[in-house]
Amino acid sequence: MDIAYDMTLRDIVEKHGIDALDLKVADVAVLAEARRRRRADGLEDTMTLTEFYEKAYKPEVSDAKTLAEDTYRQRERALKYWVEVTGNPALCDIDKQTMINFVREMRAKTHYGIPLSPATIKKHCAALMSILSYAGPKTEKNRDAKELIPMPSAFPPIRVYLNPTVKTPSKEEVEAVVKATEVAVFPKLPDISAPDWWRCAYLFLALTGARKGDLLGMKWGHVRQWEGMWCVVIPAEVEKTGVEKVIPLSTAAQDVLRQMPRGRPDDHIFQ
């Protein structure tokens with residue numbers, strides 16, 4: 001049955017007859033949301049990236065700024081690759097894993113028999129991210145965002161579980177935060193579930209006292225023995241202070257790292 005988001009119950013009855021109301025609960029819920037989801041500017045999160053480009057980005061950004069012809073071609077070339085590689089999913093279905101898969105497939109592409117260079121792939125990704133940023137949630141860097149790409153919280157914010165007047169969380173507070181990770185839905189990674197990723201991240205921070213920046217910057221090559229003890233040794237050149245940082249690893253912290261998908265020495269542990 002042809003039922004669209006912008007149809008009301010009256011529209012459906014007029015088009016398909018009164019028997020069309022014998023629908024599943026899920027279908028009724030879709031219809032009930034139809035009017036609420038409708039936007040005055042005609043944009044919806046069910047649009048594809050190419051549809052959004054033609055309807056919003058091109059007239060409001062590209063045309064308005066009178067971009068150079070080469071820039072036009074670059075963005076539209078990137079969109080052609082996007083459609084070819086991803087199948088052009090709806091904006092609401094695009095996530096980090098979509099981009100990871102796109103880059104992986106682009107590395108296998110050739111132009112006149114020659115593989116695309118990393119610089120070329122990076123240019124295509126930059127063009128696509130420019131369009132996605134305009135469609136995505138509003139941020140400090142992107143004040144023109146259309147807020148079409150949903151970014152739900154992975155789970156309730158940490159402050160719900162912590163006492164803001166105490167610098168170091170208690171064991172019970174840490175356990176509450178870890179428990180909350182059970183409902184996490186992001187990040188969507190191939191080798192570890194979102195709840196397990198967040199659980200390992202929070203446990204590692206709690207067990208080591210590391211900062212968030214340390215966590216996200218750690219690579220497998222940084223994990224090694226230092227003076228007879230297993231540690232994360234962050235090189236001076238990547239430290240803001242310019243001084244090598246050593247984070248000792250207890251047995252429990254080592255167990256947490258063992259639960260993360262093992263990568264090459266230059267791969268980030270938590271990215």
Side-chain angles (χ1 to χ4, degrees), residues 1-8 11-12 26-65 67 71-107 109 116 120-155 157 183-190 193-194 197-198 271:
M1 184 181 295
D2 180 19
I3 298 176
Y5 267 102
D6 61 350
M7 296 176 70
T8 64
D11 294 333
I12 294 172
D27 295 326
V28 175
V30 167
L31 295 172
E33 287 290 300
R35 285 193 177 279
R36 188 182 70 80
R37 293 166 63 95
R38 189 178 303 162
R39 293 170 52 113
D41 56 15
L43 302 177
E44 301 288 346
D45 65 358
T46 54
M47 298 174 70
T48 63
L49 190 62
T50 52
E51 290 171 337
F52 175 78
Y53 173 81
E54 291 295 337
K55 192 162 188 176
Y57 189 88
K58 188 171 183 288
E60 296 174 18
V61 179
S62 297
D63 293 344
K65 294 182 178 180
L67 296 182
T71 305
Y72 267 115
R73 286 199 296 268
Q74 170 64 39
R75 290 178 180 171
E76 297 192 352
R77 218 170 16 241
L79 283 170
K80 287 182 179 179
Y81 275 120
W82 175 263
V83 173
E84 180 181 338
V85 170
T86 68
N88 208 18
L91 289 172
C92 59
D93 293 329
I94 298 172
D95 56 22
K96 182 178 179 180
Q97 190 59 46
T98 310
M99 297 304 297
I100 291 173
N101 293 340
F102 175 77
V103 172
R104 183 182 297 125
E105 292 296 323
M106 288 292 285
R107 287 172 179 161
K109 291 286 182 185
L116 298 180
T120 298
I121 296 173
K122 186 175 181 179
K123 284 172 61 177
H124 288 315
C125 288
L128 292 170
M129 289 308 298
S130 176
I131 304 169
L132 283 167
S133 294
Y134 194 67
K138 188 173 183 178
T139 66
E140 292 181 2
K141 293 183 178 180
N142 181 14
R143 301 189 182 280
D144 297 321
K146 295 299 178 180
E147 300 180 5
L148 293 179
I149 302 177
M151 295 292 286
S153 298
F155 49 87
V183 299
V185 294
F186 293 102
K188 294 183 178 179
L189 301 174
S193 68
W197 189 95
W198 283 104
Q271 287 190 30

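The structure presented is a predicted model; accordingly, all values stated were derived computationally and were not measured.
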Engineer: Check K55, E54, E60 against K58 for a side-chain contact (heavy atoms from CB on, under 4.5 Å) and give me the one that passes.
Structural biologist: E54
Engineer: Assess whether side chain to side chain contact (heavy atoms under 4.5 Å, CB included) is satisfied between L132 and M99, documenting all intermediate values.
Structural biologist: CA-CA 11 Å; L132 283 167; M99 297 304 297; 3.9 Å; yes
Engineer: Within a radius of less than 6.0 Å around CZ of R77, do more than 12 heavy atoms belonging to other residues, nucleotides or ligands occur?
Structural biologist: yes
Engineer: Is there a donor-acceptor contact under 3.5 Å from the side chain of S133 to the main chain of M129?
Structural biologist: yes
Engineer: In terms of side-chain heavy atoms, does Y57 have a donor or acceptor partner in R75 at a distance below 3.5 Å?
Structural biologist: yes
Engineer: So Q97 and N101, side chain to side chain donor-acceptor pair (under 3.5 Å) or not? Walk me through it.
Structural biologist: CA-CA 6 Å; Q97 190 59 46; N101 293 340; 3.0 Å; yes
Engineer: Do you know which two heavy atoms are closest between I131 and F52, and how far apart they sit?
Structural biologist: O-CE2, 3.8 Å
Engineer: So which atom in A184 and which in A194 form the shortest heavy-atom distance, rounded to 0.1 Å?
Structural biologist: O-CB, 3.7 Å
Engineer: Check the orientation of F102 and W82. Use parallel for under 30°, tilted for 30 to 60°, and perpendicular for over 60°.
Structural biologist: tilted
Engineer: Report the C-alpha distance between L91 and T46 in whole Å, list the side-chain angles of each, state the deciding distance to 0.1 Å, and finish with yes or no for side chain to side chain contact (heavy atoms under 4.5 Å, CB included).
Structural biologist: CA-CA 6 Å; L91 289 172; T46 54; over 6 Å; no
Engineer: Could you point out which residue of I149, V83, N88 forms a side-chain contact (heavy atoms from CB on, under 4.5 Å) with L49?
Structural biologist: N88
Engineer: Closest approach of M106 and V85, non-hydrogen atoms and distance?
Structural biologist: SD-CG2, 4.2 Å
Engineer: Considering non-hydrogen atoms only, spot the tightest contact between A78 and A127 and give its length.
Structural biologist: CB-CB, 3.9 Å
